[in-house]
Amino acid sequence: MTLIDGKKTAAEIKLGIAEKVQEIIANGGKRPHLAAILVGHDGGSETYVANKVKACEECGFKSTLIRYENDVTEAELLDKIQELNHDDDIDGFIVQLPLPRHISEQKVIETIDPDKDVDGFHPVNVGKMALGLPCFISATPNGIVELLRHYHIETSGKKCVILGRSNIVGKPMAQLMIQKHIGDSTVTVCHSHSKTLKEECRQADIIIAAIGQPEFVTADMVKEGAVVIDVGTTRVPDATRPKGFRLCGDVKFDEVAPKCSYITPVPGGVGPMTICSLMMNTLKAGTK
Ligand code: GUN
């Protein structure tokens, strides 16, 4: 069994990005600039955004964090997005999700200029990705594809089962895994209403678990030699940890790992690659 080290892979990729940025600057080019909008004080979102800002520093990017309290109006937020759309110094930006209930996430996403949508959430980017056209691909699925590539894991012609059908992970992951020259796999997407989920998993060469249910994937669901990618990051209360919680994946790691050819840990697997993909998209936005 090989443990897939997302942290190390991400560090190597970020180093490569930092070198490219140095080259751009040396040639008189512009330093890529990522902005992030954070609404409220959700613990998870605070951590993600702080990690994104830190990653920008590692890559040599400029970053701007724009904060709003939970009571910001939708109109105010949409105005700020329009301002960022027209700000030539900002190459790309993200609005951290989730947003308070009185703000339409869809409206927010659709207001972002697709050319600055480094999250790859805008329908234009989602549609282009589905067609296999150049676009910004959302960070988590792209990070997983990079990890599979980095470890030279064969995906062509393999049976890939994706657990979860979210817009952020499950759906784009399925698109990438069926695409020629990317996953090139035979893809099955299972979700909360799938009747044959366990049977599908047992036949899978590759399982990508993104359902947000801690330890959902157990050893009896995994074929000997399978590749298991765990996207879960549920916070589970744990009094022994300094923050009072630990991150728990969708896979029961201890019993599943011995059966796998490759498996990602949580934390340190997919998570660091997600942020790394955002950096790759920002570099792309800055060099267009
Ligand atoms: N919330 C959870 N994941 C993401 C992400 O990749 N981007 C944004 N903007 N919000 C998120």
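Start at 1 and go down the list; that is how both ligands and their atoms are numbered. All values reported here derive from a predicted model rather than from experimental measurement.
Protein residues with a heavy atom closer than 4.0 Å to ligand 1 are Lys52, Val95, Gln96, Leu97, Asp119, Phe121, listed by chain and number.
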When the side chains of residues 10-27 are checked against the rest of the protein, which donor-acceptor pairs come out under 3.5 Å, sequence neighbours left out?
| from | atom 1 | to | atom 2 | distance (Å) |
| --- | --- | --- | --- | --- |
| Glu12 | OE1 | His150 | NE2 | 3.3 |
| Lys14 | NZ | Glu58 | OE1 | 2.7 |
| Asn27 | ND2 | Glu23 | O | 3.2 |

Taking only distance into account, with no hydrogens and no angle test, what donor-acceptor pairs under 3.5 Å do side-chain atoms of residues 271-288 form with protein atoms, sequence neighbours excluded?
| from | atom 1 | to | atom 2 | distance (Å) |
| --- | --- | --- | --- | --- |
| Thr274 | OG1 | Thr140 | OG1 | 3.2 |
| Thr274 | OG1 | Val270 | O | 3.4 |
| Ser277 | OG | Ala139 | O | 3.0 |
| Ser277 | OG | Gly143 | N | 3.0 |
| Ser277 | OG | Met273 | O | 3.1 |
| Asn281 | ND2 | Val118 | O | 2.8 |
| Asn281 | ND2 | Ile137 | O | 3.0 |
| Thr282 | OG1 | Leu278 | O | 2.8 |
| Lys284 | NZ | Cys135 | O | 2.7 |
| Thr287 | OG1 | Leu283 | O | 2.7 |
| Thr287 | OG1 | Lys284 | O | 3.4 |

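To the nearest 0.5 Å, the span separating CE on Met177 from OG1 on Thr188 amounts to 11.5 Å. To the nearest 0.5 Å, the span separating CZ on Phe61 from NZ on Lys52 amounts to 14.0 Å.
The side chain to side chain contact (heavy atoms under 4.5 Å, CB included) search around Ile168 returns Leu97, Phe121, Ser166, not counting sequence neighbours.
A salt bridge links Asp238 with Arg246; the closest basic N to acidic carboxylate O contact falls under 4.0 Å.
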